[in-house]
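The structure appears right after this line, and notes come after that.
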Amino acid sequence: MNQPRSVTVASLGIAQTLAWASSYYLPAMLANSMARDLGVSTPTVFLGFSVALVVSALLGPFAGKAIDRYGGRPVLAATSFIFAGGLAALALAQGPVGLFVAWAILGVAMAAGLYEAAFATLVHLYGKDARGAITGITLLAGFASTVGWPLSAWLELEWGWRAACGVWAGLHLLVALPLNWMLPSAPASPPSPAAMPMAPATTATAPAPEHEPAQSSARTAALLAFMFAVTWFISTAMAAHLPRLLQVHGVPLATALVFAGLVGPAQVAGRLLEYGLLRNIHPLVSARVAGAMHTLGALVFLAVGVPAGAVFTVLHGAGNGVLTIAKGTLPLVLFGAKDYGARQGLLMVPARFAQALSPWLFGLAIDRFGAGALWFSAALGALGLAALMLLQGPRRAQIRPT
């Protein structure tokens, strides 16, 4: 099916918004109610979420291989059913066993239904010219927390957390499934720079040379995997604990919620900046700029205090927004489109395990150190930036105009 690229981007973007809002951003709003109703502690609910992330890490490479071979349409459509099943199981859970089984099912869906799968789908369709489309879906899905948090909270307040999970399950079947099924099953023709007008014909889209030494490729992959792990750890920690982190720094609850609500718009603003001003430069350069933002914002917040809370959340959100795109574009630019899905799945394995540990470890850090826990994430952000600085830059990669 020769579907316009804008329709593909819109379909994937909306489906991704639903996927993220009903999985990654679900525990922050419903964990306390789940814990009370099921007779477990709140950390136990987050442990279930960690189980989902471990399952996702283990299955991610297989999902990537499936998309490389069959395209994203059948894989993403299947995940709509699995998301719905996992959320239904969560709504019906009666104790810790049902809780963990439901999260394990959601982990299967997350392995093949979040950004990595969407990025692999776009690369399968558009090859090395997928950068603009990758940015497009992250622009739409950047509002997942902005939409998901208040909707989950409202549904829980009106009808309870079980009904909230049921509504999200229904949205996967009624909205996400048709959107994923309407995706093109294969490229209309072999991708070429001239054939893909949405991808800028710049030096930024050329892959690394085919004759790159194996040792250099392994080093590049190791640095990318480490950087992804660090950024996913930070983003997951902030998603789970940002309102609480702001409060231990002295920000009142109502103000903390307002500040935390700035993350979603800031992510979208960062992605708009990447799509506009930064689209004509190498994605490694924009990733380095973004990689400094969390640490910079944290240091300003630690030095100034409450008045700089909004500065911290905006810088964190903007940096995280651009780095999300980098997770899709850097492997494409540095390694090329061949076997992209399988490689992306492998690169993200450490990140998924870091995600699994993040809510628990950062929660312990807040319990132990209070406001000082922010030094931990600031230091991790600095290490991630160091990994980006060690990656081969545009000149050494011998990138040529297309």
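The structure displayed is predicted, hence computed values, not measured ones.
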Which pair of non-hydrogen atoms, one from [X] and one from [Y], has the smallest distance, and what is that distance?
X    : Y    : answer
Q16  : G113 : NE2-O, 2.9 Å
M29  : S152 : CB-CB, 4.0 Å
L334 : L224 : CD1-CD1, 4.0 Å
A290 : G319 : CB-O, 3.5 Å

- Query: Do S217 and T220 meet the criterion of a side-chain donor-acceptor pair at a distance under 3.5 Å?
  - Reply: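 Not at all, the side chains of S217 and T220 share no donor-acceptor pair under 3.5 Å.
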- Short N-O contact, R162 and D37, less than 4.0 angstrom: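 Salt bridge: yes.
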- Going by an N to O cut-off under 4.0 Å, is there a salt bridge joining E116 and R352?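 Looking at E116 and R352, the cut-off is met.
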- Message: Tell me if the aromatic rings of F233 and F353 count as close, with their centers under 6.0 Å from one another.
- Response: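 So the answer is no for these two rings.
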- May I ask you to check whether Y70 and H124 place their ring centers less than 6.0 Å from one another?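 Ring centres of H124 and Y70 not closer than 6.0 Å.
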- Flag side-chain contact, heavy atom, 4.5 Å: V9 against T135: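 Contact flag for V9/T135 side chains = no.
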- Message: Looking at H172 and S80, would you say the former's side chain and the latter's main chain have a donor-acceptor pair under 3.5 Å?
- Response: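 Answer holds: no.
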- Message: Tell me whether the rings of H241 and F362 are parallel (<30°), tilted (30 to 60°) or perpendicular (>60°).
- Response: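 It falls in the tilted class, 30° to 60°.
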- Query: Going by the angle between their ring planes, with limits at 30° and 60°, are Y115 and W20 parallel, tilted or perpendicular?
  - Reply: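 Judged by the thresholds at 30° and 60°, the geometry between Y115 and W20 is tilted.
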